[in-house]
Colleague: 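Below you'll find the structure I mean.
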Amino acid sequence: MKWSQTLIPTLKESPSEAEIDSHKLMIRAGLIRRITAGAYAYLPLGILVLNKVINIVREEMNRAGAVEVFLPALQPLGLLEESGRLSIFGDDLITFEDRHGKVTALGPTHEEIITDIVRNEISSYRQLPITLYQIQTKFRDETRPRFGVLRSKEFIMKDAYSFDIDYEGLSKSYKSMYDAYCRIFDRCGLDYIVVEADSGAMGGDVSHEFMVPSHVGEDVLIRCLKCGYSANRERAEAAPIPPENHMTPQPLKEIPTPDKRTIQEVSDFLQVKPNRMVKTMIYISNGQPIAILLRGDHEVNETKLTKVLGQETLALADHNTIEHVTGASVGFAGPVGLPVKIIADQAVSVLCNFVTGANKPDMHLLNVNLERDFVIDQIADVRYVAKGDRCPKCYHEIDISQGIEIGHVFKLGTKYSDALKAKFLDATGKEKSMIMGCYGIGVNRIIAGLIEISHDENGIIWPLSLAPYKVIIIPVNVNDTPSMQMANQIYDDLTSNTGIEVLLDDRDQRPGVKFKDADLIGIPIKIVIGKKFTETKELEIKLRKSGETFLTPPEEVRSRLKSLFEMLSKP
RNA sequence: CGGGGCGUAGCGCAGUUUGGCUAGCGCGCCUGCCUUGGGAGCAGGAGGUCGGAGGUUCAAAUCCUCUCGCCCCGACCA
């Protein structure tokens, strides 16, 4: 491609709408333009990269034995109702009413559609297992789109669904997808880590997330840098905190704390550290109020709590309920004398002489102790891992960082096949639910994630595998006939004889402009035709990443490129 | 949805507090000259419903009301 014949609108200045590096660079390098909040147009350079990613994904899916389909963006609400996810997606679902008054959704994901197809078309174990996938735009009315294509209202996702006759088969399908994901992200040049995840709204049990560590990531990574334990925030566990056996219980004491409601306020007022305090949170579970005890510096993990309670519905109690249950306004709840079921987090169960609310207005209790002052119904792990916690496997201090979620695999089991009645007859003629797995990749996020970890002050640094063009030819002076002839000759040769994607910067711009633009758009290899060519007929081949330069006579360009490609392809 | 901010040329911004000539600046764009190894220089030029609607006023980018859009923090989120 010749620069003058395509559209690569680079910007010298950073657009004000962008906050993070990948977003800024995608706009400055002319990959994308925002059309409205959470929706982006991909310009010529952007779609070239997008297609590179898609091709890699498609190749690896096919290699893993998955079969491609293409599903509609339009979805009837009925299927979502049938699976019970209409209310779960709620306002995230983008819907509209058609001319007949029928309400239709823009698909946020496709479990229901694919399951509907499979239940209609597959009825025998002889047709299983099968894994179907598609690469398609998904729509979600995110409450707050941000960071460019990292969180947008429409985004491209590769989603795959496996159907097996038993759990052993599911494990094989899962493993096969998991391995394919590793190959995909490796080929894209991403540094990623795999974490244990909770399956959340998807249902099912086993789940892994593929994350690119990055300070702009919206997901939390809990890792042990010693033994390799890794999990996401919902899933991560900490080693139990050992009991404080050296402390002797002190007499219980009531103390006035006028208008001190939050842990921080009480902590400052009483000069007691938050980790010596216990907060009492009133939840409504199955219509009944229950109390959750947490250390003052810890946060409740509702995912874990839901599992402990075995309840589908769980919500914080409203202020009226709290006052009714505790006898005091919000901020003064405590376990002593509380007439409801009490679940204590493990970290609370090892404390002595702690501070709690007194269940009286403007009063707290000092030197509260378990057993002596109140009894609990259950000890459980219901909190998020916090700084200072230790690894549950090896007791090394745990590391908390952030990451961008680029892929997620789930073992779903029969959640959807039961709900949607996707059944088959096994070899003995018995009807069974299909065993499902689902596997997603955020295609746009791969691009943004890659840029986050691969750029410098001059712009993007593409790996060979994703680069929109592998080589850019820069004739320093387009008005110098010999240089231009040389540039065209190499361009024609590479384009027609090697299949290497080449961009020829034929613009009549000063060299500085062209070098800066080449760096900004991140082309891995530059071929510069300039002073050296005029003097000695040599071309300069320069690498974007390292800045290394090789002087090469024109007839050796192809062989030089070949060896450089080999070098750059190595991880 | 709560809090904060912004909307003036393709991009980045000043001007708005305290209303007042033809609405400015940098980058980009067009023409010419000159220049050609890291975002050159000179000269000339094009480009604006000041987000939109209504109002106050002799006069509105500026004040008032309504409205639309965008960004940030939080809540939310496979």
Side-chain angles (χ1 to χ4, degrees), chain A residues 7 9-20 23-24 27-28 30 33-39 85 88-93 108-111 138 140-148 150-153 155 157-159 161 195 197-204 207-211 217-220 232-235 302-303 316 404-412 415 437-442 445 457-459 474-480 483-484 505 507-521 526 528-535 539-540 542 544 547 549:
Chain A
L7 177 65
T10 57
L11 297 176
K12 201 187 285 189
E13 291 173 290
S14 243
S16 61
E17 69 188 64
E19 288 291 310
I20 63 171
H23 189 192
K24 286 180 191 167
I27 295 170
R28 284 192 57 210
R33 288 291 184 266
R34 187 179 58 76
I35 298 303
T36 182
R85 285 210 300 178
I88 291 175
F89 277 109
D91 290 338
D92 276 2
L93 207 59
T109 176
H110 285 80
E111 278 77 16
K138 313 274 174 173
R140 291 181 198 177
D141 193 0
E142 294 285 348
T143 47
R144 191 175 158 208
R146 67 182 123 180
F147 298 151
L150 273 187
R151 178 168 296 280
S152 47
K153 288 194 182 183
F155 53 95
M157 190 164 171
K158 186 288 301 176
D159 48 332
Y161 307 91
V195 303
D198 190 89
S199 38
M202 300 298 307
S207 172
H208 290 90
E209 284 176 353
F210 292 76
M211 313 279 278
E218 297 185 85
D219 292 276
V220 175
N232 73 359
R233 189 162 186 250
E234 275 62 42
R235 175 83 175 199
E302 292 188 4
T303 305
L316 270 172
I404 299 166
E405 181 187 352
I406 49 171
H408 203 154
V409 292
F410 300 83
K411 285 188 182 178
L412 289 178
K415 178 179 164 115
C438 89
Y439 318 91
I441 288 181
R445 281 187 177 180
E457 66 279 6
N458 291 316
I474 303 178
V476 167
N477 181 359
V478 297
N479 298 312
D480 178 61
S483 295
M484 219 35 218
D505 192 349
R507 295 174 301 169
D508 185 7
Q509 289 284 359
R510 294 177 60 81
V513 172
K514 298 208 234 186
F515 290 138
K516 287 287 185 189
D517 271 346
D519 285 349
L520 178 60
I521 68 174
K526 294 194 236 335
V528 180
I529 302 165
K531 201 164 27 183
K532 269 281 164 197
F533 178 70
T534 308
E535 290 165 2
L539 310 176
E540 270 171 74
K542 188 168 184 180
R544 169 67 178 90
T549 305

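Quick caveat: nothing in here was measured; it's all calculated off a predicted structure. In what follows, every chain begins at residue 1, and chains take the letters A, B, ... in the order their sequences are listed.
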Colleague: Please tabulate the protein-to-nucleotide N/O contacts below 3.5 Å involving nucleotides 24-31 of chain B, giving atom names and distances.
Modeller:
unit_1	atom_1	unit_2	atom_2	d
B:G26	N2	A:Glu13	OE1	2.6
B:C27	O3'	A:Lys12	NZ	3.2

Colleague: From the options B:A78, B:G37, B:C76, select the nucleotide whose nearest atom is closest to the side chain of A:Arg146.
Modeller: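 Side chain of A:Arg146 sits closest to B:C76.
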Colleague: Calculate the interatomic distance between A:Lys514 atom NZ and B:A40 atom P; express it in whole Å.
Modeller: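 Atom-to-atom, A:Lys514 to B:A40, this comes out as 13 Å.
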Colleague: For nucleotides B:G12 and B:C34, find the distance between their C1' atoms and express it as a whole number of Å.
Modeller: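 So the two C1' atoms sit 29 Å from each other.
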Colleague: Picking from A:Arg510, A:Lys526, A:Arg507, what satisfies salt bridge (Lys or Arg N to Asp or Glu O under 4.0 Å) with A:Asp517?
Modeller: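 Between A:Asp517 and the candidates, salt bridge (Lys or Arg N to Asp or Glu O under 4.0 Å) is satisfied uniquely by A:Arg507.
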Colleague: Dump every N/O contact between nucleotides 44-49 of chain B and the protein below 3.5 Å, one line per pair.
Modeller:
none

Colleague: If the C1' atom of B:C13 is compared with that of B:G28, how far apart are they to the nearest Å?
Modeller: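 Per the computed distance, 14 Å lies between those C1' atoms.
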Colleague: Are A:Arg144 and B:C1 close enough that a side-chain N or O sits under 4.0 Å from OP1 or OP2?
Modeller: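 No, A:Arg144 has no side-chain N/O under 4.0 Å of OP1/OP2 on B:C1.
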Colleague: Is the phosphate of B:G12, meaning OP1 or OP2, less than 4.0 Å from a side-chain N or O of A:Ser14?
Modeller: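 Looking at the OP1 and OP2 atoms of B:G12, neither is under 4.0 Å from any side-chain N or O of A:Ser14.
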Colleague: Using the 3.5 Å cut-off, write out each protein N or O paired with an N or O of nucleotides 13-15 of chain B and the distance between them.
Modeller:
unit_1	atom_1	unit_2	atom_2	d
B:C13	OP2	A:Ser16	OG	3.4

Colleague: Hey, is the side chain of A:Arg510 poking within less than 4.0 Å of OP1 or OP2 on B:G39, counting only N and O atoms?
Modeller: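 False: A:Arg510 side-chain N/O out of range (4.0 Å or more) of B:G39 OP1/OP2.
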Colleague: Would you mind pulling out the nucleotide paired to B:A14, Watson-Crick or G-U wobble, both distances under 3.5 Å?
Modeller: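 With both distances under 3.5 Å required, B:A14 matches none.
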Colleague: Looking for any heavy atom pair under 4.0 Å, which part of the strands does A:Asn479 touch: base, sugar-phosphate only, or nothing?
Modeller: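 Since a base atom lies under 4.0 Å of A:Asn479, the category is base.
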Colleague: Check the surroundings of atom CG in A:Asp91: do more than 12 heavy atoms from other residues, nucleotides or ligands lie under 6.0 Å from it?
Modeller: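 Count not over threshold, so no.
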